[in-house]
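The next block holds one structure in the form of structure tokens; read it before the comments.
Note that ligands are numbered from 1 as they come in the structure, with each ligand's atoms numbered from 1 the same way. Just so it is clear, the structure is predicted and the values come from calculations on it, not from any experiment.
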Amino acid sequence: MVNVIGLGYIGLPTALMLASHGIKVIGSDYNEELVTKLKSGRTTFKEDGIDDLFKEALRSGIEFSTEYQVADTYIISVPTPYDKFSKKVDSKYVVSAVRDVIKVAPQNAIVVIESTISPGTIDKSIRPVIEAENRADLKLVHAPERIIPGNMIFELYNNNRTIGADEKEVGEQVKTLYASFCKGEIVVTDIKTAEMTKVVENTFRAVNIAFANELAKICRHDSLDVYEIIKICNMHPRVNILLPGPGVGGHCISVDPWFLVGDYPSLAKVIDESMKTNDGMPDFVLNRIYEIMKENNISDISKVGLYGMTYKENVDDMRESPTLQLLESQKRHLAEGLKVYDPLITKDVVSNQYHDLDKFLDDISLVVVMVKHDEIIKCQDKLEGHVIFDTQNVITIDGVYHL
Ligand code: SAJ
């Protein structure tokens, strides 16, 4: 039996996937509201295919509980926030989950940590807990997730995976468990290597996005079209530049690379600069808004609206989103008034937020496209007559401003 601990963006789909592939699964989370919702047959976030998978898992007997269970294998997928000042990972949730697992785990149980942790966390923070409790019998494993919000279910099935374990046989056992649904290649390695690979993968992407963002700034300086330049460069067989954007959000690419900067401050130079470049993009957008307002004689900030609040297109996840970062920056400049709308955010989370696209557009004259949701790509004729600042390069109307 597998007890999945932490039923968020990673834990829930993983639990559902295992259950619908014949594994006996109980999903546990201390959040009572969340468990009640799951027990009543409702999912807790939007994701392509998750509702069908949920039904399948329920048919296969998945259960949910606020209590940790007696199980052969635990999969821990709780959040790992990072300290914004020190840039170090804060593994308190993982550590407390392990402490609570120790209370119920039978001898020789396997404890898989899926949460992203910085290299060395298992040795530095988890092993000492297990040793202090005289539970060296427990088998620690690190199996970092790799799925991308928006395409999670497909990627759970198809992505290759990494499993880090102290003993090869334990790694192979966990590999068999994941292979119940995963069609990708599953590599078994040691724990520290697995920890490092996860963070390196996200850092690779962060550095490459930073390169695209830096190019956007260089091209802006000389009034060059960055998208045309990237398109042409990418025709070279060994060049593959990513896309610039209004900033980097999400809980991974905007966070994980800081673990390396925090742990290796004198070595991680390119990474440090890249993260600063990405983090500076919302301010760059704010500055562009100011320039575009001046050029169009718009002096009233309440005539400016940000389209999109999520960290990327077609998901309802706002963690670290460039729009929220921009609004924060607006506040730091002691200003307020920008209007905001996102079709996928139904709750009121910021001031001046709209829930109707037409009303939002009626009230503003400059629209800033922050997120390329399908909605705005499909309905772009509604933007006619507005000054448009498209940070995502998806609007095809003449006279659009870019980064
Ligand atoms: N972005 C750009 N330009 C691009 C691509 C992305 O500005 O060319 C921005 C997006 O708009 C978004 C941010 O970067 O704000 C991150 O989005 P993403 O789609 O690149 O990645 P995430 O954060 O949704 O998921 C990543 C994935 N990691 C990699 O691609 C290496 C995913 O596989 C991981 O599982 C996930 O992080 C994680 O949980 O670690």
Side-chain angles (χ1 to χ4, degrees), residues 6 8-14 45 47-48 77-82 89 113-118 142-156 158-162 182 184 194-217 226-227 230-231 233-234 240-260 271 274-275 277-282 284-285 308-326 342 369-373 390-394 402-403:
Y9 287 101
I10 302 300
L12 181 64
T14 305
F45 58 92
E47 178 65 36
D48 255 4
S77 42
V78 294
T80 39
Y82 82 110
V89 65
I113 292 166
E114 272 220 26
S115 307
T116 305
I117 43 184
S118 68
H142 183 41
E145 56 83 16
R146 272 180 171 166
I147 52 179
I148 197 144
N151 200 24
M152 283 182 165
I153 310 302
F154 175 87
E155 292 207 351
L156 265 176
N158 295 296
N159 283 1
N160 305 323
R161 300 193 66 119
T162 316
C182 172
E195 287 174 323
M196 188 57 123
T197 53
K198 165 69 192 195
V199 174
V200 167
E201 287 160 14
N202 281 344
T203 302
F204 174 86
R205 195 153 167 88
V207 169
N208 283 283
I209 295 171
F211 178 66
N213 284 334
E214 187 162 290
L215 286 181
K217 289 183 182 171
V226 67
Y227 302 104
I230 290 177
K231 191 178 88 191
C233 291
N234 282 350
N240 184 16
I241 305 170
L242 296 177
L243 290 170
V248 173
H251 190 58
C252 314
I253 293 177
S254 66
V255 175
D256 297 0
W258 284 123
F259 300 169
L260 292 178
I271 303 169
S274 301
M275 294 304 279
T277 301
N278 290 340
D279 283 357
M281 288 314 285
F284 179 77
V285 172
M309 297 166 70
T310 60
Y311 89 88
K312 65 176 184 182
E313 66 277 14
N314 306 325
V315 298
D316 63 357
D317 187 343
M318 287 189 295
R319 289 179 296 175
E320 321 287 332
S321 98
T323 300
L324 296 185
Q325 291 179 46
L326 194 153
D342 191 305
V369 178
M370 296 290 287
V371 184
K372 50 181 175 207
H373 286 311
D390 177 10
T391 69
Q392 296 283 357
N393 195 32
V394 289
H402 292 112
L403 281 174

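The closest approach between Lys198 and ligand 1 falls below 4.0 Å for a heavy atom of the residue. Using a 4.0 angstrom heavy-atom cutoff, Gly249 counts as in contact with ligand 1.
Atom 28 (N) of ligand 1 has as its closest protein heavy atom Asn202 OD1, 2.8 Å. Closest protein heavy atom to atom 33 (O) of ligand 1: Arg146 O, 2.6 Å. The nearest protein atom to atom 37 (O) of ligand 1, hydrogens excluded, is given as Cys252 CB, 3.1 Å; this is a heavy-atom distance. Nearest non-hydrogen protein atom to atom 20 (O) of ligand 1 is Arg205 NE, 2.6 Å. Annotation: atom 19 (O) of ligand 1 to nearest protein heavy atom, Lys312 NZ, 2.9 Å. For atom 24 (O) of ligand 1, the closest non-hydrogen atom of the protein is Tyr311 OH, 2.5 Å. Looking only at protein heavy atoms, the nearest one to atom 21 (O) of ligand 1 is Ile253 CD1, 3.4 Å. Closest to atom 39 (O) of ligand 1, if we only count protein heavy atoms, is Glu145 OE2, 2.5 Å.
Note: no N/O pair closer than 3.5 Å links Glu201 and ligand 1 by distance alone. Checked against a 3.5 angstrom limit, the closest N/O atoms of Ile147 and ligand 1 fall inside it. Between Glu313 and ligand 1, no pair of N/O atoms sits closer than 3.5 Å.
Formation of a donor-acceptor pair under 3.5 Å by the Asp342 side chain with backbone atoms of Met309 is found in this model. A donor-acceptor pair under 3.5 Å links the side-chain atoms of Glu47 to the main chain of Gly150, judged by distance alone. The closest donor-acceptor contact from the side chain of Lys312 to the backbone of Gly250 lies at 3.5 Å or more, if one exists at all. Listed for the Gln325 side chain is a donor-acceptor partner under 3.5 Å among the backbone atoms of Glu320. In this structure, the side chain of Ser321 does not engage the main chain of Gly249 through any donor-acceptor pair within 3.5 Å.
Of all the heavy atoms of Thr116, none lies under 4.0 Å from any atom of ligand 1, so neither backbone nor side chain is involved. At a 4.0 Å heavy-atom cut-off, ligand 1 touches Ile209 through the side chain alone.
Evaluated by nearest non-hydrogen atom to atom 3 (N) of ligand 1, the leading choice among Leu243, Ile241, Asn159, Asn151 is Leu243.
Atom OH of residue Tyr9 and atom CG of residue Asp317 lie 3.5 Å apart, to the nearest 0.5 angstrom.
For Asn278 and Asn213, the side-chain atoms include at least one donor-acceptor pair closer than 3.5 Å.
Shown here is Phe204, whose CZ atom has no more than 12 heavy atoms of other residues, nucleotides or ligands within 6.0 Å. In Phe211, the CZ atom is not crowded: 12 or fewer heavy atoms of neighbouring residues, nucleotides or ligands sit closer than 6.0 Å.
We find that Glu114 and Arg161 are joined by a salt bridge, their nearest charged nitrogen and carboxylate oxygen being less than 4.0 Å apart.
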